[in-house]
Amino acid sequence: MLVLLLIGEFFGRAGLVDQSYLPPSSTVLAHAGSLLTDGEFLRDVAFTLGGWSSGLFIAIVIAVPAGVLLGSLPVVDSAARVLVEFLRPIPAVALVPLVLLVISDQGEMERTLAAYAAIWPILINTIYGAGEVDPLARDMARCFGLSPAAILLRVWLPSVAPFVTTGVRLASSVALIVTISTELISGGGGNGLGQFIFDASGNPAGSADVFAAVVVTGGLGLVIDVLLRYVERRAFRWHFERLGVAG
Amino acid sequence: MLEVEELSHAYRRPGPNVLEDVTLIVGDGELVSIVGRSGCGKSTLLRAIAGLIRPTSGQIRLDGTPVDGTPDNLAMVFQDYSRTLLPWLSVRDNVALPLRGNGMCRRARRAAAVEALEAVLLADAARQYPWQLSGGMQQRVSIARALAYQPTLLLMDEPFGSVDAQTREDLEDLLLSVRANRGMTILLVTHDIDESVYVGDRVVVLGHSPGRVIGDLAVDLPRQRDQITTRELPEFIHLRGRVGRLIRATTR
């Protein structure tokens with residue numbers, strides 16, 4: 001990270017390339033800092049986060065029950081697997097033109113595409129987690145007279161939860177990428193970080209803006225990932241300790 | 001009283017019977033060892049009694065009522081104990097889990113759990129998690145869970161199969177003291193002939209494919225047993241020889 005910054009600084013200062021193309025790292029960072037106090041820029045960030053979070057939320061609401069269903073019923077699973085494997089490799093960004101035709105509102109389009117992209121990691125992880133629920137643990141619960149509802153609540157959900165969380169963490173970065181990509185390619189005049197970058201890139205003096213916004217975007221992704229990892233480790237210590245992963 | 005009447009079970013139909021015409025009557029407060037080679041259907045028998053599988057034919061009655069689904073007041077200690085302890089619950093909460101159905105409040109459940117853990121000498125580990133304990137300790141937790149439930153019928157499926165010899169003896173003696181104190185009916189499945197004689201009031205020998213009762217021997221040993229002196233008694237040696245010959249004959 002530091003090395004990258006230093007290289008960026010060196011190239012920028014050495015005059016090998018025009019500073020207006022590639023500003024030195026320090027300029028970029030300083031600019032990023034000043035952007036974070038710029039109300040208009042923050043509105044863009046908030047817009048992007050709004051699209052990202054609602055897309056992620058929609059994905060969770062769809063993928064978790066679907067994953068539990070698919071993972072627990074082998075028959076449904078093999079039938080649905082073909083469909084899943086067909087849809088999953090389609091990049092969400094490739095659907096932008098299609099979605100543009102149907103949905104004109106930018107926010108709604110972002111939500112839809114982010115949700116589409118985020119569904120898969122959550123679905124796959126949930127299916128896997130549901131398959132990992134130990135049948136012997138369920139037998140134990142039945143032996144001790146727990147009701148089916150109690151087994152679902154006390155044995156099933158806790159077993160699946162760490163897998164779902166891992167899926168959500170993976171999905172959150174995918175959803176962020178898709179949200180910003182959608183903003184980038186859906187044309188000018190809209191809101192969001194991607195639009196900010198798009199607009200700045202069309203401006204001859206905008207390269208500092210572009211780089212700074214990219215830095216903010218990366219930082220956003222990093223913060224979200226670190227937060228979710230932290231939550232994961234705290235809440236599912238038992239899961240990782242058992243897997244032998246250092247906590 | 002537990003009555004198993006002409007119980008047969010095949011996992012696949014058509015397919016070989018795992019159990020065939022098993023008839024067995026276990027009186028209240030009896031500790032019956034069920035011994036046989038691996039694959040003779042011992043575990044299947046326990047699973048049928050616990051209502052986890054529906055037998056192909058035959059009937060199981062508990063105090064005169066046919067078993068359909070898991071009977072109340074039945075607890076089971078599994079061979080693969082570590083898989084039945086829930087890793088997200090502390091040792092105490094694992095032991096307290098089955099008490100939910102009894103209408104006890106949280107505090108009473110926890111108190112009962114700690115009491116059961118004291119009985120297996122694990123009260124200190126109450127706040128730890130199962131995966132932080134050794135295999136023998138985990139098995140004691142799963143025994144405590146069964147005790148806290150206060151079953152009238154306790155099923156144990158090779159409960160001491162995967163612990164070291166010393167722990168195994170300790171757990172056998174723990175089982176005997178529990179039985180003496182609480183007077184529950186216990187069915188213990190094992191492949192260890194010495195163990196079947198040492199802990200049992202009766203040893204039921206199951207033959208191999210299909211599993212059927214090929215011997216039902218009363219254990220004529222003093223109630224108070226000792227790991228060293230009991231095993232030196234001529235009756236003990238005689239009995240383990242008889243059980244051993246019955247089992248050996250199953251493949252000849």
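Residue numbers start from 1 in every chain, and the chains themselves are labelled A, B, ... in the order their sequence lines are given, proteins ahead of strands. It should be emphasised that the depicted structure is a prediction, and the values quoted were computed from it without experimental measurement. Hydrogens, waters and symmetry mates play no part in the numbers below; they use all other heavy atoms, side chains included.
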Measure the shortest side-chain to side-chain distance between B/R100 and A/S147 over non-hydrogen atoms and say whether it is less than 4.5 angstrom. no
When rounded to the nearest 0.5 Å, the distance separating OH of B/Y129 from CH2 of A/W238 is 11.0 Å
Of the listed A/D139, A/L146, A/V155, the one with the largest count of heavy-atom pairs under 4.5 Å with chain B is A/D139
Among A/P158, A/G145, A/A137, the residue with the most heavy-atom pairs under 4.5 Å to chain B is A/P158
Whatever's closer than 4.5 Å to a heavy atom in chain B on A/S159 counts as both
Distance col, row B/M76:CE vs A/R142:CZ, nearest 0.5 angstrom, shows 11.0 Å
Assess whether atom CD of B/E115 is packed by more than 12 heavy atoms of other residues, nucleotides or ligands within 6.0 Å. no
If you tally heavy-atom pairs under 4.5 Å between each of B/D72, B/L97, B/L89 and chain A, the highest tally belongs to B/L97
query: Taking everything shown except B/N181 itself, do over 12 heavy atoms lie less than 6.0 Å from its CG?
result: yes
More than 12 foreign heavy atoms under 6.0 Å from CZ of B/R106: is that the case here? no
In this structure, OH of B/Y81 is separated from CG of A/L136 (nearest 0.5 Å) by 12.5 Å
Full working for side chain to side chain contact (heavy atoms under 4.5 Å, CB included) between B/R145 and A/F144:
CA-CA 9 Å; B/R145 178 174 57 195; A/F144 284 103; 3.7 Å; yes
Rounded to the nearest 0.5 Å, the CG atom of B/L86 sits from the CE atom of A/M140 at a distance of 4.0 Å
CG of B/L52 to SG of A/C143, rounded to nearest 0.5 Å, is 4.5 Å
